[in-house]
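Heads up: the structure comes next, in structure tokens.
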Amino acid sequence: MTVETRHRGYIMSASENKATVVKMWQALSEMDWETMKSCMHPDIFYQDIPTDDPGAHGPENTIKRLGTAFNHLEKQEQITHHIVAEGDTVFLDHTEKWTFKSGETAEHHFATMHEMKDGKVYRWSDFWDVNKFIGQFPDWFLEVMAESSADEFS
């Protein structure tokens with residue numbers, strides 16, 4: 001059985017939705033914010049599920065929120081373990097390795113659920129172990145992150 005969704009009269013297949021998610025994550029690794037935004041629905045909601053952070057609404061705020069961390073990275077590498085698409089849902093099981101501009105690294109496993117609408121990422125929910133990942137961050141980075149307010153991204 002093939003599950004498809006409609007995008008402005010055009011039927012979006014699960015494989016097309018998966019391709020959009022792959023493109024968005026490749027753009028994230030390259031810190032190509034314009035390409036990332038092109039993959040996002042205008043009403044995207046991005047959220048780190050295990051945190052108290054209320055998330056980010058809209059492409060601009062999502063990029064701004066990501067930038068609070070990524071502006072301090074030299075690079076971000078992705079290792080995809082599994083990616084599965086069915087209808088409007090794309091699940092990504094992956095590891096991210098962050099290399100900070102100061103040379104430190106942090107690596108962690110994530111599960112990410114993407115809900116698609118009109119061929120774009122509409123809901124982006126990251127599931128991860130907060131303490132295990134943040135425990136690898138350099139102290140200076142934690143201090144910088146503490147200066148950010150969740151209100152900046154709503």
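Below, each value reflects all heavy atoms present in this structure, side chains not excepted, and no hydrogens, waters or symmetry copies. As the structure is a prediction and not an experimental result, all values here were calculated from the model.
Remark: side-chain polar atoms of T89 are not paired, donor with acceptor, to backbone N or O of A85 under 3.5 angstrom. A donor-acceptor pair under 3.5 Å is absent between the side-chain atoms of D48 and the main chain of T51, judged by distance alone. Checking side-chain atoms of K120 against main-chain N and O of S38 turns up a donor-acceptor pair under 3.5 Å. Side-chain N or O atoms of N17 include one that pairs as donor or acceptor with a backbone N or O of G87 at under 3.5 Å. The closest donor-acceptor contact from the side chain of T68 to the backbone of R65 lies under 3.5 Å. The closest donor-acceptor contact from the side chain of D129 to the backbone of N131 lies under 3.5 Å. Between the E143 side chain and the W140 main chain, no donor and acceptor come within less than 3.5 Å of each other.
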Enumerate, atom names and distances included, each donor-acceptor pair closer than 3.5 Å involving a side-chain atom of residues 21-28, sequence neighbours excluded.
residue : atom : partner : partner atom : Å
W25     : NE1  : H114    : NE2          : 2.9
Q26     : NE2  : E30     : OE2          : 2.7

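Under the 4.5 Å side-chain contact rule for hydrophobic residues, M145 and F70 share a cluster. In the hydrophobic clustering of ILVMFWY residues, with side-chain heavy atoms under 4.5 Å counting as a link, M113 and W124 come out apart. Hydrophobic clustering, with ILVMFWY side chains joined whenever heavy atoms are under 4.5 angstrom apart, groups L142 together with V130. In terms of hydrophobic clustering, with Ile, Leu, Val, Met, Phe, Trp and Tyr side chains grouped at heavy-atom distances under 4.5 Å, Y46 and F91 are assigned to different clusters.
Taking F110 as the reference, H94, H108, W128, F133 meet the ring-ring contact (aromatic ring centres under 6.0 Å, His included) condition, with sequence neighbours excluded. Annotation: side-chain contact (heavy atoms from CB on, under 4.5 Å) contacts of T95 (sequence neighbours excluded): I79, H81, E107, H109. In terms of the ring-ring contact (aromatic ring centres under 6.0 Å, His included) criterion, residue partners of Y122 (sequence neighbours excluded) are, by chain and number, H41. Looking at residues two or more places apart in sequence or on another chain, you find no salt bridge (charged side-chain N to carboxylate O under 4.0 Å, His left out) involving D126. Applying the side chain to side chain donor-acceptor pair (under 3.5 Å) criterion to W33, with sequence neighbours excluded, gives no partner residue.
In summary, the side chains of S29 and Q76 do present a donor paired with an acceptor at a separation below 3.5 Å, with no hydrogens or angles considered.
H57 NE2 to Q47 CD: the interatomic distance, rounded to the nearest 0.5 Å, is 8.5 Å. Within the model, atoms CD of Q78 and NZ of K97 stand 13.0 Å from one another, a figure rounded to the nearest 0.5 Å.
Using a 4.5 Å heavy-atom cutoff, the side chains of M36 and L66 are in contact. Between F141 and F100, the closest side-chain pair of non-hydrogen atoms falls below 4.5 Å. Two residues are said to be in side-chain contact when any heavy atoms from C-beta on lie closer than 4.5 Å; E96 and T112 fail this criterion. Looking only at side-chain heavy atoms (C-beta outward), R123 and M116 stay at 4.5 Å or farther from each other. Side-chain contact between I63 and M40: present, with at least one pair of heavy atoms (C-beta onward) separated by less than 4.5 Å. Inter-residue side-chain proximity for I83 and V90 is flagged as met; some heavy-atom pair is nearer than 4.5 Å. In this structure the side chain of Q136 never reaches within 4.5 angstrom of the side chain of T105, judged on heavy atoms.
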Could you go step by step and tell me if E77 and T99 meet the side-chain contact (heavy atoms from CB on, under 4.5 Å) rule? CA-CA 8 Å; E77 301 167 86; T99 302; 4.2 Å; yes
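Within a 6.0 Å sphere centred on CG of D139, heavy atoms belonging to other residues, nucleotides or ligands number 12 at most.
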